[in-house]
Number of protein chains: 2
Amino acid sequence: MKKTTSCYKERMATFRQAAKEAGVKLTPQRLEIYRQVLASDNHPSADEIHTRIQRKLPMISLDTVYRTLWLLADLGLINTVNPREESIRFDAKLEEHHHFRCETCGKIIDFESAELTQLPLPPVLADFGQTLSVQIEVRGICIACQKTPSSKV
Amino acid sequence: MKKTTSCYKERMATFRQAAKEAGVKLTPQRLEIYRQVLASDNHPSADEIHTRIQRKLPMISLDTVYRTLWLLADLGLINTVNPREESIRFDAKLEEHHHFRCETCGKIIDFESAELTQLPLPPVLADFGQTLSVQIEVRGICIACQKTPSSKV
DNA sequence: GTTTTTGCAAAGAATTTGCAGCTTT
DNA sequence: AAAGCTGCAAATTCTTTGCAAAAAC
């Protein structure tokens with residue numbers, strides 16, 4: 001059983017607390033959306049949350065779900081599975097390699113590392129399925145953004 | 001200098017070869033798009049490729065760029081930076097953790113590993129910027145898809 | 001010559017936004 | 001009562017598709 005998503009009551013309390021501190025109102029929609037994300041173990045999309053919630057809140061709109069999910073992310077209560085990508089990006093590099101991603105400007109820099117590519121993977125992976133490749137993403141702040149914090153590349 | 005993207009002539013020859021084998025026609029648009037991806041080291045989007053190419057082919061349309069990029073990917077000549085994600089997915093799990101992604105059905109399973117989280121990162125990363133977190137994505141085929149190859153979750 | 005490909009324009013899909021009325025504090 | 005939220009509908013953005021003309025083999 002998952003540690004985080006199972007201590008439901010604590011996290012609901014944390015939400016109430018964070019909302020108060022941020023001057024954000026507690027509405028039934030927000031409570032139910034957060035509850036539903038906590039109850040999900042499959043990385044749901046906004047649409048999936050919206051569908052699942054309609055049993056309890058039939059009138060809720062999809063845009064409220066989006067607004068709330070981003071609010072929860074801003075409050076640090078949930079994450080997105082991958083960083084937001086405005087569009088599909090292509091790459092001519094075919095060799096197995098890894099990425100450094102700047103969280104400020106979105107720039108992605110390739111790097112290679114034989115040691116990282118041949119990592120000893122945890123045995124639990126065998127239960128999930130067959131492994132084909134391993135990719136490491138290092139996230140941080142690139143040199144350029146450290147100098148000029150608001151720059152966009 | 002990058003190994004792959006610098007041996008330009010060989011890769012253009014590979015493209016001509018692969019196109020012939022696949023019964024795909026070599027058009028100026030396709031040659032120029034592939035050339036431009038090879039010449040790019042910043043993981044360009046379709047729109048960026050389109051813009052850069054307009055100097056040489058002013059009439060080229062964005063949809064041709066999209067069609068060609070996917071064709072090149074199908075031929076195994078280029079990759080996308082991240083697997084195609086139909087929509088944003090959210091996650092209540094806040095602890096640093098890693099993902100197994102099924103390339104067939106898209107399912108993402110979380111896993112944790114203290115060793116992987118504390119990897120010795122290659123020194124070159126210091127040149128890129130400040131590291132904040134490390135995430136590993138293992139790609140493969142999940143158990144369910146091994147049994148029923150066409151299933152979608 | 002046949003078949004594929006292109007460019008255009010329009011369709012689709014996911015996400016965001018403006019606004020008037022309603023809820024929370 | 002005041003401020004912030006919601007739902008609606010429309011707008012945006014990215015990507016895909018149908019089709020007739022054009023190009024490649």
Side-chain angles (χ1 to χ4, degrees), chain A residues 12 15-37 43-51 53-54 56-75 77-78 80-90 106 152, chain B residues 12 15-37 43-51 53-54 56-75 77-78 80-90 106 152:
Chain A
M12 290 307 293
F15 176 25
R16 289 170 187 279
Q17 171 77 15
K20 180 168 288 181
E21 285 172 11
V24 153
K25 291 181 178 171
L26 282 175
T27 64
Q29 290 91 335
R30 285 174 176 176
L31 289 168
E32 189 55 32
I33 289 166
Y34 188 48
R35 195 172 281 141
Q36 191 60 242
V37 181
H43 313 91
S45 65
D47 197 60
E48 285 167 341
I49 294 288
H50 181 238
T51 302
I53 274 181
Q54 291 192 314
K56 280 206 175 174
L57 299 171
M59 295 304 292
I60 195 168
S61 65
L62 180 56
D63 53 82
T64 295
V65 176
Y66 272 108
R67 281 188 281 226
T68 300
L69 289 169
W70 289 122
L71 172 70
L72 294 170
D74 285 345
L75 293 175
L77 298 168
I78 64 173
T80 55
V81 169
N82 290 312
R84 191 92 187 74
E85 208 70 85
E86 63 296 329
S87 49
I88 305 167
R89 296 169 69 170
F90 296 86
K152 291 272 170 187
Chain B
M12 290 307 294
F15 176 25
R16 289 170 187 279
Q17 171 78 14
K20 179 167 289 182
E21 284 173 11
V24 154
K25 292 182 178 172
L26 281 174
T27 63
Q29 291 90 338
R30 285 175 176 174
L31 289 168
E32 189 54 34
I33 289 166
Y34 188 47
R35 197 172 280 141
Q36 191 59 243
V37 181
H43 313 91
S45 65
D47 196 60
E48 285 167 340
I49 294 288
H50 181 239
T51 302
I53 274 182
Q54 290 191 314
K56 279 207 176 175
L57 300 171
M59 295 304 292
I60 195 168
S61 67
L62 180 58
D63 53 84
T64 295
V65 176
Y66 272 108
R67 280 187 281 224
T68 300
L69 289 169
W70 288 121
L71 172 70
L72 294 170
D74 285 345
L75 293 175
L77 298 167
I78 65 174
T80 55
V81 170
N82 290 313
R84 190 91 187 76
E85 207 71 86
E86 62 297 327
S87 48
I88 304 167
R89 296 169 68 170
F90 296 85
K152 291 271 169 187

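Note on naming: letters A, B, ... go to the chains in the order of the sequence lines (proteins, then strands), and numbering restarts at 1 for each one.
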Trainee: Rounded to whole angstroms, how far apart are CH2 on A:Trp70 and P on C:dA14?
Mentor: 15 Å
Trainee: Represent DNA chain C in dot-bracket notation, 5' to 3'. Only Watson-Crick or G-U wobble pairs with both distances under 3.5 Å count; pseudoknot-style crossings use [ ] and interstrand partners use |.
Mentor: |||||||||||||||||||||||||
Trainee: Counting C-beta onward and ignoring hydrogens, is there a side-chain heavy-atom pair between B:Leu31 and B:Phe15 closer than 4.5 Å?
Mentor: yes
Trainee: Nearest whole angstrom, please: distance from the P of D:dC5 to the CD of A:Gln29.
Mentor: 11 Å
Trainee: Let me know the distance between CZ of A:Arg16 and P of C:dT24, rounded to the nearest Å.
Mentor: 12 Å
Trainee: As a test of understanding, state which of B:Val37, B:Asp74, B:Thr64 forms a side chain to side chain contact (heavy atoms under 4.5 Å, CB included) with B:Leu69.
Mentor: B:Val37
Trainee: Taking the nucleotide of DNA chain C with the closest heavy atom to each, which residue, B:Gly23 or B:Met59, is nearer the 5' end?
Mentor: B:Gly23
Trainee: Rounded to the nearest 0.5 Å, what's the gap from CD1 on B:Ile60 to CD1 on B:Ile33? Could you check?
Mentor: 4.0 Å
Trainee: Send over the distance from A:Leu72 CG to D:dC5 P, rounded to a whole Å.
Mentor: 12 Å
Trainee: Would you compute the distance between atom CZ of B:Arg35 and atom NZ of B:Lys56 and round it to the nearest 0.5 angstrom?
Mentor: 5.0 Å
Trainee: Could you encode protein contacts along nucleotides 18-25 of chain D as a string, one character per nucleotide from 5' to 3', using B for base contact, S for sugar-phosphate-only contact and - for no contact, with a heavy-atom cut-off of under 4.0 Å?
Mentor: B-----BS
Trainee: Measure the distance from CD on A:Glu21 to P on C:dT25 and round it to the nearest whole Å.
Mentor: 15 Å
Trainee: Looking at DNA chain D, which of residues 80-89 of chain A put a heavy atom within less than 4.0 Å of it?
Mentor: A:Glu86, A:Ser87, A:Ile88
Trainee: Hey, what do you get for CD1 (B:Ile78) to CH2 (B:Trp70), rounding to the nearest 0.5 Å?
Mentor: 8.5 Å
Trainee: Kindly write out the residues that satisfy salt bridge (charged side-chain N to carboxylate O under 4.0 Å, His left out) with A:Arg16, not counting sequence neighbours, or none if the list is empty.
Mentor: none
Trainee: Please state how far atom CG in B:Leu31 lies from atom P in C:dT4, giving the value in whole angstrom units.
Mentor: 19 Å
Trainee: Using whole Å, what does the distance between atom P of nucleotide C:dT5 and atom CG of B:Leu69 come to?
Mentor: 15 Å
Trainee: Identify, with sequence neighbours excluded, every residue that meets salt bridge (charged side-chain N to carboxylate O under 4.0 Å, His left out) alongside A:Arg67.
Mentor: A:Asp63
Trainee: Enter the distance from A:Met12:CE to A:Leu26:CG here, rounded to the nearest 0.5 Å.
Mentor: 8.0 Å
Trainee: Using whole Å, what does the distance between atom P of nucleotide C:dA13 and atom CG of A:Leu62 come to?
Mentor: 14 Å
Trainee: Does D:dT6 have its OP1 or OP2 closer than 4.0 Å to a side-chain nitrogen or oxygen of A:Arg30?
Mentor: yes
Trainee: Sequence neighbours left out, what passes side-chain hydrogen bond (donor to acceptor under 3.5 Å, both in side chains) with B:Ser45? Give chain and number order.
Mentor: none
Trainee: Side chains of A:Leu77 and A:Tyr34: closer than 4.5 Å at any heavy-atom pair?
Mentor: yes
Trainee: Does any N or O in the side chain of A:Arg89 come within less than 3.5 Å of the main-chain N or O of B:His43, such that one atom is a donor and the other an acceptor?
Mentor: yes
